[in-house]
Amino acid sequence: MKSWQNIQGLLFDDFHDIRKHLLLQKRKYFTQQQYKVRSNPVYLPCHRLHGTEEQNFFSRKKKGIVNPGITIESEIKDGALGRIRTPDPLVRSQILYPTELPAHRTGGVAEVAYFPCFSNEVKGIIAHFSRLAACFHLLLVLLLFIPEITLADGTFIKVGVLNNQSMPDSEVIRLWEPTADYLAMKLPGYDFEIIPLGYYEVEAAVGQGKVDFILTNPGIFVSLAARNWVVPLATMNNVIGDESYSQYGGVIFTRSDNDSIQTLADLRGKRVAAVNEASFGGFLTAWRELHALGIDPYNDLFQLTFTQSHRKVVSAVLESKALAGIVRTGTLEQLLREHQLEQQDIKIINPMQSPDFPLVHSTRLYPEWPFSKVQHTNTILADKVALALLRMPSDFPSRFTGGYAKWTLPRNYSEAHTLFKEIKLPPYAFADTFTLSDALKRYWYWPLIGLLTLLALLAMVSIARRRNTRLEAAKQKLEYQYELIVNSVTDGIYGVNTKGQCTFVNRAMQHMTGWQATDLLGKDLQPMLHHTRKNGTPASTKECPMYESFRDNQPHFSSDDIFWRKDGRCIDVEYSSTPIKDRTGKTIGGVVVFRDISERKEAREKLQQHELQLSHVARLSMLGEMASGIAHEINQPLTAIATNSKACIRMLESRHPRIEACADVMEKIAGQAERAGEVIRHIRRFVTKDTPEMKPISIQTLLDAVLDLLHNELQRHDIKLSLNISHPNIQVLAQEIQIEQVLINLVRNAIESLEHKPAHQRLMEISTARKAENKLEIRITDQGPGLSTAIKEQLFDPFVTTKQEGMGLGLSISQGIIEAHGDRIHVDTLQQGVSFYFSLPIDSAQQQSSTRNGNLYG
Amino acid sequence: MDKDATVFIIDDDKEVREAIELLMHSIGLRAKTYASAQDYLDHFNPDLPGCLILDVRMKGMSGLALQEHLNTLPLAPPVIIITGHGDVPMAVQAVQNGAANFIEKPFNEQVLLDSIHRALDVDAKQRGKALKKAEIQERLERLTRREHQVIEQVVKGERNKSIAKKLSITQSTVEAHRARAMEKLEAKSLSELMRIMISINPE
């Protein structure tokens, strides 16, 4: 003991410092561990370590440490008594009452076992302090005590008590500790600890099992009981004056000079003070009465103030801060007794009369506070506690401090349940009476939000649908356009991949080729469309422009080709082949656009024919013009001759003929005859002058020119021409145009002779052969019907013709031309057909040069 | 046939025109030759009766062009076309233009001579008519203005009385004018007066 005396001075001084520091560090250093000391109580001459700061700081509201306000009551046995209340957080202590502690001394001096305990962190902090040695000393001492501390053989039973007056916790503990002490006394081996709880803490404390028993108002009890969290063990009987009551209710009052409030209904729109929204007597009981009148205290009052204390409600009304107040029954009587209120100052609203309950009240009455066991609490213990409470002697001091008369068996709290159901508070907020309109009133925003969301969704759906429709329409339009373009063009279009397989065809293509799309798609088109060339030779893919496109990636064009139809006929086409490239520029196929040019070709041929005819007509008309000119030239002298002779005759027949005059006329006639002869000579001279001289030209060139001109005609008549040129490079002396004319004449005659032959018999041959040293024979042979002898005899006479539209001049002119070239046109009548031939002189220069060459090498 | 009638020969070929001239002389017809259409026009005298022998193809103005030009004159001489290269369209055009004949060279002289005779006849008739018309015109011009008005009404078939009313003169004055006008126009009766008036103004 003495050693403790020594330490303690130090201890408490240090405490101030340590505490200050720890306060700064907030509470992280507090240990949850508790050391309990049952023996060796320390009696300390303590400083009054009271401070609001601690209390505030350790307000249970903040952290739920349900072990605050510790009252240390100490006694120095040999000296003055001091009573210290210290909710010191650092010193987690347990107040221990020796069993022999006389109950009557609780109001005065208590023996206190006091033991400070430190967490490891606290120890660490302490180490930093200047008086380290002392601290270590202390710790050492503490360690020495450990074996004694841990001897706890009993259990701490926590009794939660509703602090309905917002008293300091220490006050609550002071009031209820005697009851706890009583229980501890009655139940050896158990320690009871009072845990003051605010209105809002009860539920959490019970729910989390932080208390084992709970003493609370019927309101909170109902909400706990509804969840089966608590079971009532006893109902408290309250003491008002000298009487005790097991029920209570609410009192609604106003100042007596207030005339505006006569009935409960008058409270509507008024300023009202109540204790707390969870206060049973001080609010909920009144709410039920107001609710019955259709008044919602939260909405229908002008103002609803919660003062947190019954007495404050009364003072608020007296000070006119509120027009009416709600307190629990007994409050007003208590104040009257204490002379803090005069009877005439106030007036009770809706005063009720109840048998066995003389106190003023404005509401129905409900059973008093129940003492309940929390769910987890041992039933046996609960039974013991209940028994102890019920058996509490009437003179036990705890009753006075707790302000109650006794404990009775638990009352029926159904009325309290009804209250909650009526005003629809949890746990009955959604009782069966909860109607749709209630739900709407309460949760009107949910349907609204739902509705708005639905509308938004609908709007979005409609927008999406409209977009979809538009997209669909656009897609259809594009497809339609594609269809329209590809299928409405008259050109055939088809696509192939690089293997030559068909990938698509258009309608025109099907129409033109006679193949259906199904025949073509996926097939290699080369052998179907393009297998044979125009001249009958098979076509290979090598020279096909389409394949060419794949090879060089360039478009290709062919202006004159054929495609084969399904029915075996062919159509003349021009086409372009364009490579299709993918995004990387690699050729993935080709598209071929072709056009049927059969009609165009036909038209072109017709046009050529027409031009030929026109030129023929032009030639004829020129001939006619010339003939006309020549005729005029000759007619003039003839006219003069004829006229003069007639005149002369008349002169001679006259009665006096003048012979000299007649002779003159005859002279004139002779002159005119000469003039006519001169005209003829003049024409002949003119013609001779117009004839160009002969030039050396290769026979091949001559024939090429002729065949060029007649190519179309030969083709049109489907005539197979075979060329048999012995000396293609030999040079003949010829007047080029004239010889061409002769050749054209002869070839055309041959063509016409073959016209009525079947196609396979339309054969013609042009051959050349060297006949003599200086002669090259050109022979044109046809397999036509041949010539009759009569025709053959006058073949070269002018104006003899077998043709309807012919003039019969061709061969006669030709004969003249060949005669000019030193030969004649000969005719051989064959068994089938006719052969015309003539010779041309070979260029003497060439002849000489070849001779000279011969000499050189010979 | 008028003794003064002349055959105008227009041909750019001297031999031909001289041969034709000789032929004309051989049958006693007066003839004049011109080397070109222009030459003829330069010496053109509308009072000379006769007809034209016109070659088509000539240097300068062609025969057909000259024919068309002559057609615009009040008294065109008849035209005989001769050509060395007669074709159908040319002949059609010539005849449409009122050619008396279209003859191809070399021609039978009798055909030409017949044509010439016919043409000269036509010319003489044309000229006679024209002369008479001119005479009447001359007589008409002798009438005073008043006499002219009266005659106009008479020709329309108006009676003296209504004529007097229209012209606001007395009937006797009308009669006097009428008698004097008839005298001047050398019309012995009303029917003769009517014939004279219609011959100059057929409508």
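Below, chain A is the first sequence line, B the second, and so on; all start at residue 1.
Under the ring-ring contact (aromatic ring centres under 6.0 Å, His included) criterion, B:Phe107 pairs with no residue, sequence neighbours left out. Partners of B:His69 under the ring-ring contact (aromatic ring centres under 6.0 Å, His included) rule, at least two apart in sequence or in another chain, do not exist in this structure.
Note that OG1 of A:Thr639 and CD1 of B:Ile20 are 8.0 Å apart. Values are rounded to the nearest 0.5 Å. Going from atom CG of B:Leu112 over to atom OG1 of A:Thr643 covers 7.5 Å, rounded to the nearest 0.5 Å.
Residues of residues 150-158 of chain B lying under 4.5 angstrom from chain A, judged on non-hydrogen atoms, do not exist here. Residues of residues 653-667 of chain A that come closer than 4.5 Å to chain B, counting heavy atoms only, are A:Val665, ordered by residue number.
The shortest side-chain heavy-atom distance between B:Gln110 and A:Lys646 does not fall under the 4.5 Å cut-off. In this structure, A:Arg650 and B:Leu23 have side chains that are in contact, with non-hydrogen atoms separated by less than 4.5 Å.
Taking each heavy atom of A:Ala647 and B:Ser26 in turn, the nearest pair found is O-CB, 4.0 Å. The minimum heavy-atom distance linking B:Pro106 with A:Asn635 is given by the pair CD-OD1, 3.4 Å.
If you measure heavy-atom distances from A:Gln636 to chain B, the contacts under 4.5 Å come from both the backbone and the side chain. Only the side chain of B:Ile27 comes within less than 4.5 Å of a heavy atom of chain A; its backbone N, CA, C and O stay farther away.
The environment of NZ in B:Lys32 is sparse: at most 12 heavy-atom neighbours from other residues, nucleotides or ligands sit within 6.0 Å.
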Going through the checks in order, is the side-chain contact (heavy atoms from CB on, under 4.5 Å) test met by A:Lys668 and B:Leu22? CA-CA 11 Å; A:Lys668 272 189 180 173; B:Leu22 190 68; 5.9 Å; no

